[in-house]
Chemist: 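Sending over a structure as structure tokens; questions will come in a sec.
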Amino acid sequence: MAYARLIVPGQTLLVTRRTVARHFLFRPDTSMNRAFRFCLAVAAQENGIVVHAACLMSTHLHLVITDVRGVHPRFTRRLHRLLANFTKVHRGWGGAVFDSGRPSVVRLLKGLRRVSIDG
């Protein structure tokens with residue numbers, strides 16, 4: 001059953017998705033890191049998504065994005081499919097990569113500001 005969700009162009013969102021049974025399928029190595037950045041770039045460019053932050057951890061991923069066109073479900077579907085296909089080949093994994101639940105999508109209400117790390 002599909003759940004209704006409010007999709008509004010221009011929203012900034014936090015997207016999180018876990019691997020199936022929290023397996024360490026995304027454990028870091030050079031190939032996984034490069035593939036994640038490539039998949040993210042392809043999906044973002046195809047869908048007009050602005051990526052503010054991305055973090056790939058061993059069992060899940062986090063993204064902070066701005067959905068300029070109101071198409072974030074299409075973006076996440078494309079990103080997750082690309083990343084899952086790479087992971088299956090790279091890890092020799094035969095089953096599902098992501099858990100069966102929907103990605104967590106949280107609308108961020110405050111605007112993003114630039115923060116200087118230098119002080």
Side-chain angles (χ1 to χ4, degrees):
M1 174 177 161
Y3 294 93
R5 38 186 162 177
L6 181 61
I7 299 172
V8 179
Q11 286 186 332
T12 299
L13 308 164
L14 170 64
V15 179
T16 303
R17 186 91 189 260
R18 286 191 309 233
T19 58
V20 66
R22 297 186 182 170
H23 288 287
F24 291 98
L25 296 174
F26 299 147
R27 62 187 178 278
D29 61 41
T30 302
S31 295
M32 182 57 71
N33 294 338
R34 285 181 180 166
F36 175 62
R37 289 193 305 264
F38 178 79
C39 295
L40 181 60
V42 167
Q45 185 176 23
E46 288 176 353
N47 293 286
I49 297 290
V50 176
V51 178
H52 301 286
C55 180
L56 183 67
M57 304 186 78
S58 294
T59 61
H60 61 284
L61 60 86
H62 299 285
L63 304 169
V64 177
I65 61 170
T66 296
D67 182 10
V68 177
R69 300 181 194 157
V71 295
H72 75 82
R74 186 172 35 197
F75 160 76
T76 55
R77 184 171 46 251
R78 177 74 163 139
L79 171 62
H80 295 160
R81 176 172 287 161
L82 288 171
L83 189 58
N85 287 339
F86 171 81
T87 303
K88 286 180 177 189
V89 171
H90 183 60
R91 300 285 184 223
W93 188 255
V97 171
F98 290 103
D99 73 2
S100 61
R102 297 183 311 157
S104 170
V105 179
V106 178
R107 188 171 43 135
L108 302 177
L109 298 177
K110 298 237 179 187
L112 295 176
R113 322 180 251 145
R114 292 189 185 270
V115 177
S116 174
I117 298 173
D118 301 331

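By convention here, the first residue in the shown sequence is residue 1.
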Chemist: Please say which of Leu79, Ile49, Leu13, Thr76 ends up in a side chain to side chain contact (heavy atoms under 4.5 Å, CB included) with Leu63.
Modeler: Leu79

Chemist: Using a 4.5 Å cut-off on heavy atoms from C-beta on, say whether the side chain of Asn33 contacts that of Pro28.
Modeler: yes

Chemist: Could you state whether Leu83 and Val51 fall into the same hydrophobic cluster, counting links through intermediate Ile, Leu, Val, Met, Phe, Trp or Tyr residues with side-chain heavy atoms under 4.5 angstrom apart?
Modeler: yes

Chemist: With hydrophobic residues grouped by side-chain heavy-atom distances under 4.5 Å, do Leu14 and Leu61 end up in a single group?
Modeler: no

Chemist: How close do Thr87 and Trp93 get, heavy atom to heavy atom, and via which atoms?
Modeler: O-CB, 4.5 Å

Chemist: Could you tell me whether Phe98 and Phe26 have their ring centroids closer than 6.0 angstrom?
Modeler: yes

Chemist: Do His90 and Ser31 meet the criterion of a side-chain donor-acceptor pair at a distance under 3.5 Å?
Modeler: no

Chemist: Return the minimal non-hydrogen interatomic distance between Pro73 and Ile7, and the atom names on each side.
Modeler: CG-CD1, 3.4 Å

Chemist: Would you name the heavy atoms of Phe24 and Ser58 that are closest together and state the gap between them?
Modeler: CD2-CB, 3.2 Å

Chemist: Provide the closest heavy-atom pair for Lys88 versus Gly95 in the form atom of the first, atom of the second, distance.
Modeler: CE-O, 3.0 Å

Chemist: Does Leu82 belong to the same Ile/Leu/Val/Met/Phe/Trp/Tyr cluster as Val97, with side-chain heavy atoms less than 4.5 Å apart forming each link?
Modeler: no

Chemist: Should His62 and Met57 count as side-chain neighbours, where that means a heavy-atom distance under 4.5 Å?
Modeler: yes

Chemist: Side-chain contact, heavy-atom cut-off 4.5 Å: Thr66 with His52?
Modeler: yes

Chemist: What do the steps show when you test His23 against Thr59 for side chain to side chain donor-acceptor pair (under 3.5 Å), and what is the final call?
Modeler: CA-CA 6 Å; His23 288 287; Thr59 61; over 6 Å; no

Chemist: Please confirm whether the backbone N or O of Arg27 pairs with a side-chain atom of Arg91, one donor and one acceptor, at under 3.5 Å?
Modeler: yes

Chemist: Go through it in stages, so that I can follow the logic: the residues are Leu56 and Met32, the test is side chain to side chain contact (heavy atoms under 4.5 Å, CB included), and I'd like the CA-CA distance, side-chain angles, deciding distance and then a yes or no.
Modeler: CA-CA 9 Å; Leu56 183 67; Met32 182 57 71; 3.8 Å; yes

Chemist: For the pair Arg78 and Val42, evaluate side chain to side chain contact (heavy atoms under 4.5 Å, CB included) and give the outcome as yes or no after the intermediate values.
Modeler: CA-CA 9 Å; Arg78 177 74 163 139; Val42 167; 4.0 Å; yes

Chemist: If you take all heavy atoms of Glu46 and Arg69, which pair is closest and at what distance?
Modeler: O-NH1, 3.6 Å

Chemist: Please name the pair of heavy atoms, one in His72 and one in Ile65, separated by the smallest distance, quoted to 0.1 Å.
Modeler: CB-CD1, 4.3 Å

Chemist: Decide, yes or no, whether a salt bridge links Arg74 with Asp67 under the criterion of side-chain N to carboxylate O below 4.0 Å.
Modeler: no

Chemist: Please check if Leu40 and Val64 belong to a single hydrophobic cluster, counting links between Ile, Leu, Val, Met, Phe, Trp and Tyr side chain heavy atoms closer than 4.5 Å.
Modeler: no

Chemist: Checking side chain to side chain contact (heavy atoms under 4.5 Å, CB included) against His60, which of Arg22, Arg17, Arg18 comes through?
Modeler: Arg18

